[in-house]
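Quick note on labels: first sequence line is chain A, next is B, and so on, each numbered from 1. Keep in mind the model is a prediction, meaning the values are calculated, not measured.
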Number of protein chains: 2
Amino acid sequence: MKIGELAQQSGLTPSRIRFYERIGLLKTVARRPNGYRTYPQQAVMILGLITTAQRAGFTLDEIRTLLPSDLTHWDHAALMDALTRKIVDIEALQVRLTQSRAHLLRLIEDIQERPDDMDCAANAHRVLTNMLADHPEALDVTSGDIRLLDTKDRRQSVSPGRRKKTASR
Amino acid sequence: MKIGELAQQSGLTPSRIRFYERIGLLKTVARRPNGYRTYPQQAVMILGLITTAQRAGFTLDEIRTLLPSDLTHWDHAALMDALTRKIVDIEALQVRLTQSRAHLLRLIEDIQERPDDMDCAANAHRVLTNMLADHPEALDVTSGDIRLLDTKDRRQSVSPGRRKKTASR
DNA sequence: CCTAACCTTGAAGCTAACTTCAAGGTCAAG
DNA sequence: CTTGACCTTGAAGTTAGCTTCAAGGTTAGG
């Protein structure tokens, strides 16, 4: 399989696949006499695995250290450990999000609750003071960070026909 | 107030404050005859507001468009709109996180549920197949993205004494 | 008067995860 | 034998939000 075909089957761009190879996430594959890369069918699965892990919040660095060269020989302990820690990270982030959401809701309410006898300027001041008072200190969230994919899908648009020139612009 | 003092009071670094000015998030302030910036007391509040908004998931760009030059004159409608949309974004992210967490938990269980008569290689294959089958298609989360601060606190360490030289390395 | 801690600027560097570009080689069809 | 869709490489660009650096001016204390 040439890189273009792998790209189609995996939903990634060729440049991304080459990039993964460059950073050592994919091992270097065999080449045809003309220099073209040839991929085994398994490569589709590996790429699927990588994007799945990314969606779960793993960085490429983390994925690299976890991915074995042979898909049938995983470092069981390290993997479980990483999965567990990632869950903890996610939970920490969920807590933060819940707090942020609550904070924003409170803020909205606070803004709308303007006393009838108060003008906008004074209300602004009231709300601001409330809000800043609300934060006793930098909340000390000391845990690993989570990286999520942007919500705009990173995957190559699942070719609706044939790409002519990677689409204009 | 000089920039160093503002930095202390706000918990930000001077470079960060200058950066905010450069990108138009802070309006250019008055200068002393020697060229030093002088800040009004209010600047502390504005910076507090900015970091609070950041913690809530707003980008500096968003904050810039929302922040009025006069803190007592907000664009009420735009503000409420932005707050509401941000809450929606947070909720979308929470959904994703919940899915990711569930996915990871299922994966852990799946790995541990290896049938006694199956060797590791076969189990690996079973788990992989399950996992990749698990994703019917790229889940189409079409919403704005949320940027959260890294969990490692961006704030300047709340000066435990006197910084000599911004601390070594 | 010296020194250290401030302040100034513009430019460059950092991280992550890619993409884009430039410049060129390969290959199948017509 | 020409066209155009592929493939190759290395280098540079992108985004966000800063920091760091280099090179220099200012100021308060002793």
Item to check | Euclidean distance, B:D110 CG relative to B:L104 CG, rounded to 0.5 Å | outcome: 12.5 Å
Next on the checklist: For B:D61 and B:K2, find the nucleotide of DNA chain D closest to each by heavy atoms; which residue's nucleotide sits nearer the 5' end?
Outcome noted: B:D61
Checklist entry - Roughly how many Å is it from CZ in A:F58 to P in C:dA17, rounded to a whole number? => result 13 Å
Item to check | Nucleotide C:dC7, atom P - distance to CZ of B:R16 in whole Å | outcome: 17 Å
Next on the checklist: Whether A:Q8 contacts D:dC6 is assessed here as follows: a side-chain N or O lying under 4.0 Å from the phosphate OP1 or OP2. Is that the case?
Outcome noted: no
Next on the checklist: Output the rounded distance in Å from CZ (A:R64) to P (C:dT15).
Outcome noted: 13 Å
Next on the checklist: Taking only side-chain N and O atoms of B:T13, does any of them lie within less than 4.0 angstrom of OP1 or OP2 on D:dT19?
Outcome noted: yes
Checklist entry - Do A:K2's NZ or CZ and the ring of A:Y39 fall within the cation-pi criteria of under 6.0 Å and 45°? => result no
Next on the checklist: What is the distance, to the nearest angstrom, from the CD1 atom on B:I3 to the C1' atom on D:dT27?
Outcome noted: 17 Å
Checklist entry - For D:dT19, does either OP1 or OP2 sit under 4.0 Å from a side-chain N or O belonging to B:S15? => result yes
Checklist entry - Nearest-Å distance, CD1 (A:I63) to P (C:dA16)? => result 13 Å
Item to check | Pair B:Q54, B:T59: side-chain N/O donor-acceptor within cut-off below 3.5 Å | outcome: no
Next on the checklist: So if I take residues 31-38 of chain B and measure heavy-atom distances to DNA chain C, which residues fall below 4.0 Å?
Outcome noted: B:R31, B:G35, B:Y36, B:R37
Checklist outcome for this item: In this structure, CZ of A:R106 is separated from CE of A:M131 (nearest 0.5 Å) by 11.0 Å
Checklist outcome for this item: For A:I111 and A:N123, the nearest pair of non-hydrogen atoms, with its separation, is O-ND2, 3.5 Å
Checklist entry - Which value, rounded to the nearest 0.5 Å, describes the distance between A:K86 atom NZ and A:D81 atom CG? => result 11.5 Å
Next on the checklist: Could you go through A:I46 and A:S10, starting from their C-alpha distance and side-chain angles, then the distance that decides it, and tell me whether this counts as side chain to side chain contact (heavy atoms under 4.5 Å, CB included)?
Outcome noted: CA-CA 9 Å; A:I46 297 181; A:S10 65; over 6 Å; no
Next on the checklist: Which residue in the set A:K27, A:R37, A:R16 passes side-chain hydrogen bond (donor to acceptor under 3.5 Å, both in side chains) when paired with A:E21?
Outcome noted: A:R37
Checklist entry - Checking B:R18 side chain against B:R22 main chain: does a donor-acceptor pair fall under 3.5 Å? => result no
Item to check | Spacing of A:Y39 atom OH relative to D:dC6 atom C1', expressed in whole Å | outcome: 14 Å
Item to check | Contact list for DNA chain C against residues 18-28 of chain A - heavy-atom distance below 4.0 Å | outcome: A:F19, A:Y20, A:R22
